[in-house]
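Both ligands and their constituent atoms are indexed starting at 1 by order of listing.
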Amino acid sequence: MWIYVRDLKNHVGEHVELRGWVRNVRSSGKIHFIDFRDGTGFIQVVVEKNNVDEESFANCKKLKMESSVIIHGVVKEDKRSPWGVEVLAERVTPVQIPQEPYPINKPDHGIEYLMERRHLWLRSKRQFHIMMVRNEVLKAIRNFYWERGFVQIDTPIFTGAIGETAGNLFELDYFDYGKVYLAQTGQLYLEAACLAYGKVFNLGPTFRAEKSKTRRHLIEFWMNEAEVAYYEHEDNVRLQEELVSYIVRWVLEKASDHLIALGRDLKKLEKVEPPFPRITYTEAVKLLQNNGFDIKWGDDFGGDEETFIASQFEKPVFVTHYPRKAKAFYMQPDPNNPEVVLCDDLLAPEGYGEIIGASQRIHDYDLLVERLKEFNLPIEAYDWYLDLRRWGSVPHSGFGLGVERTIAWICGLEHIREAIPFPRTLYRVYP
Ligand code: 4AD
Ligand code: MG
């Protein structure tokens, strides 16, 4: 019976079939040790000369790194293996034996060398653990919303209206229509959907032509956004801390073995429970000024500022009430001080920066028109968006969570590029 490595522990003493790949073979006369993987885990297969037919034993001598192979054998308990078992082979059948040496064969390949071979690099142990965590993060996000009665709304990638800022758009020609943009955000469409279905979310790729080459920036990244009708700023903040705590708890529950394999300190993640600390933008500026940062009220924070603010706390921290001039056109002004808006950024601990951008949205028609003009945005392109303020407008709020930044933080990665299977960065679209 074909069994996956992940399930072998339930088949101790049984004859099984494994289908997978050889990571390495060590041989010593009468015995071969195959370091085997099948996409669900890694295991040692022991091939003893007097336990297999002659052809199988001879086949093992031909096996090279990343040969594909089918193995029949018996599952044995093995306390030293991370999976608790190893397999004693009875038959070894190669599927394909490479003609050339596998290019990823040293522990110290440089990052560019590995990125150029990302399609192969994904097979490595570390990348396996990261992708398994990513998979759980994506499951956690969807489950969080579905458990709470949210409706998934898939927002478009081609958009006619600018969602965030004009500065980092990918433009392309769309038949006779003219210029359209790749989505920076699905927010405007989620706003429409929340007035139709109440509580909605999306999960999909977004695009920013950002010339920033930092460890936090991708050109194509995945975002999870949520939008809720009748939610105000406070409701929005609570939803975000629940979501982030849920994701972390889920990953600790379902994938802590992967986190441990990545060397992650689980104690730091175990602290991530609501409520999260909060400071206002104005307090954050004072904190920064008192610690030698050259910043004045009205400036946006850069990576260093975010890292410093976050380092003051053990949990993610909300920075709220930014100056309206530093933020996007759609944010609702604070009734107590119209120079700031009802918004928050959630900063992850340990230097991972902003993982969420959020706000209450302007629901008043006239005020929204005023803001569109102030930001020099073409009113015609936003006519449908203004319709949402013409019919049945209500206060509503939402946010966007950067999926890869969240994964990078949870896994403790140095750079965001490892958090996505095929990263698109400033200098890389291959493979
Ligand atoms: O803060 P941002 O720009 O917010 C929006 O796009 C809102 N329209 C979301 C909403 O309210 N529905 O982006 C949201 C998050 C950021 O906090 C960050 O985590 C991530 O997306 N992000 C990036 N991640 C990787 N690479 C980039 N270039 C990113 N830009 C933003
Ligand atoms: Mg932001």
Side-chain angles (χ1 to χ4, degrees), residues 134 137 141 145 150 153 155 159 161-170 181-194 199-228 231 233 236-237 239-240 243-244 247 281 300-303 305-306 310 316-320 322-323 326-332 341-348 352-362 385 396-410 413 415-420 423-426 428:
R134 180 181 172 104
V137 166
I141 290 171
Y145 293 109
F150 281 65
I153 295 292
T155 49
T159 65
I162 300 170
E164 283 293 309
T165 57
N168 55 16
L169 287 167
F170 277 105
Y181 313 110
L182 296 185
Q184 296 170 311
T185 168
Q187 177 192 322
L188 308 195
Y189 299 95
L190 281 190
E191 288 186 54
C194 89
K199 301 192 275 190
V200 296
F201 76 100
N202 70 4
L203 181 56
T206 44
F207 307 86
R208 309 251 169 124
E210 265 171 313
K211 291 261 160 80
S212 17
K213 199 174 174 255
T214 79
R215 64 191 199 89
R216 296 170 181 178
H217 284 89
L218 291 167
I219 303 300
E220 175 176 327
F221 65 97
W222 277 58
M223 194 163 17
N224 156 238
E225 298 179 89
E227 198 70 32
V228 186
Y231 261 31
H233 173 68
N236 197 23
V237 170
L239 185 64
Q240 293 160 53
L243 168 68
V244 171
I247 296 171
Y281 168 87
D300 206 357
F301 299 144
E305 283 85 3
E306 285 179 0
V317 53
F318 288 111
V319 182
T320 66
Y322 281 71
K327 287 289 178 186
F329 67 93
Y330 50 70
M331 295 192 181
Q332 175 75 9
V341 283
L342 297 175
C343 74
D344 66 81
D345 280 0
L346 182 64
L347 310 184
Y352 285 92
E354 178 199 327
I355 55 169
I356 286 184
S359 74
Q360 186 170 330
R361 323 303 192 187
I362 293 175
Y385 188 62
H396 60 284
S397 303
F399 61 87
L401 169 89
V403 170
E404 286 77 19
R405 286 199 193 166
T406 304
I407 294 166
W409 161 51
I410 291 178
L413 307 181
H415 197 295
I416 193 172
R417 67 191 153 206
E418 278 183 283
I420 186 163
R424 270 68 185 103
T425 53
L426 201 47
R428 179 166 295 288

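A heavy-atom separation below 4.0 Å is found between Arg216 and ligand 1. Residue Arg361 places a heavy atom under 4.0 Å from ligand 1. Residue Glu404 places no heavy atom under 4.0 Å from ligand 1.
Listed by atom number, the atoms of ligand 1 under 4.0 Å from Ile355 heavy atoms are 17 (O), 19 (O). Set against the non-hydrogen atoms of Gly402, the atoms of ligand 1 under 4.0 Å away are 15 (C), 19 (O), 20 (C), 21 (O). Close contacts between ligand 1 and Ile416 involve ligand atoms 25 (C) [criterion: under 4.0 Å to a heavy atom]. The ligand atoms of ligand 1 that sit less than 4.0 angstrom from a heavy atom of Ile356 are 17 (O). Heavy-atom contacts of Tyr330 reach the following atoms of ligand 1: 7 (C), 8 (N) (cutoff under 4.0 Å). Within ligand 1, counting atoms from 1 as listed, the ones closer than 4.0 Å to a heavy atom of Glu210 are 27 (C), 28 (N). In summary, the atoms of ligand 1 found under 4.0 Å from a heavy atom of Thr185, numbered by their order in the structure, are 6 (O), 8 (N).
The aromatic ring centres of Tyr281 and Phe301 sit less than 6.0 Å apart.
Arg361 contributes a side-chain N or O that, together with a main-chain N or O of Gly398, makes up a donor-acceptor pair within less than 3.5 Å. Gln360 places no side-chain N or O within 3.5 Å of a backbone atom of Tyr231 that could act as its donor or acceptor partner. Judged by distance alone, with hydrogens and angles left aside, the side-chain atoms of Arg405 form no donor-acceptor pair with the main-chain N or O of Ile416 at under 3.5 Å. Remark: the backbone N or O of Glu225 is paired with a side-chain donor or acceptor of Asn202 at under 3.5 angstrom.
Contact annotation: for Glu227 versus ligand 1, there are no heavy atoms closer than 4.0 Å. With a 4.0 Å cut-off on non-hydrogen atoms, Phe221 touches ligand 1 through its side chain and not its backbone. Under 4.0 Å from ligand 1, the heavy atoms of Glu164 that appear belong solely to its side chain.
Only protein N, O or S atoms were scored, and 1 of them lie under 2.8 Å from the Mg ion (ligand 2).
Annotation: side-chain hydrogen bond (donor to acceptor under 3.5 Å, both in side chains) contacts of Tyr330 (sequence neighbours excluded): Glu164, Gln187.
In this structure, Arg215 is positioned above the aromatic face of Tyr352, its NZ or CZ under 6.0 Å from the six-membered ring centre and within 45° of the axis.
Taking only nitrogen or oxygen atoms, main chain and side chain alike, Gln187 reaches within less than 3.5 Å of ligand 1. Considering backbone and side-chain atoms alike, Leu218 places an N or O below 3.5 Å from some N or O of ligand 1. Residue Ala226 has no nitrogen or oxygen atom sitting less than 3.5 Å from a nitrogen or oxygen atom of ligand 1, judged on distance alone. For Glu354, a nitrogen or oxygen atom sits less than 3.5 Å from a nitrogen or oxygen atom of ligand 1, counting backbone and side chain alike. Between Ser359 and ligand 1, a contact under 3.5 Å exists for no N or O pair.
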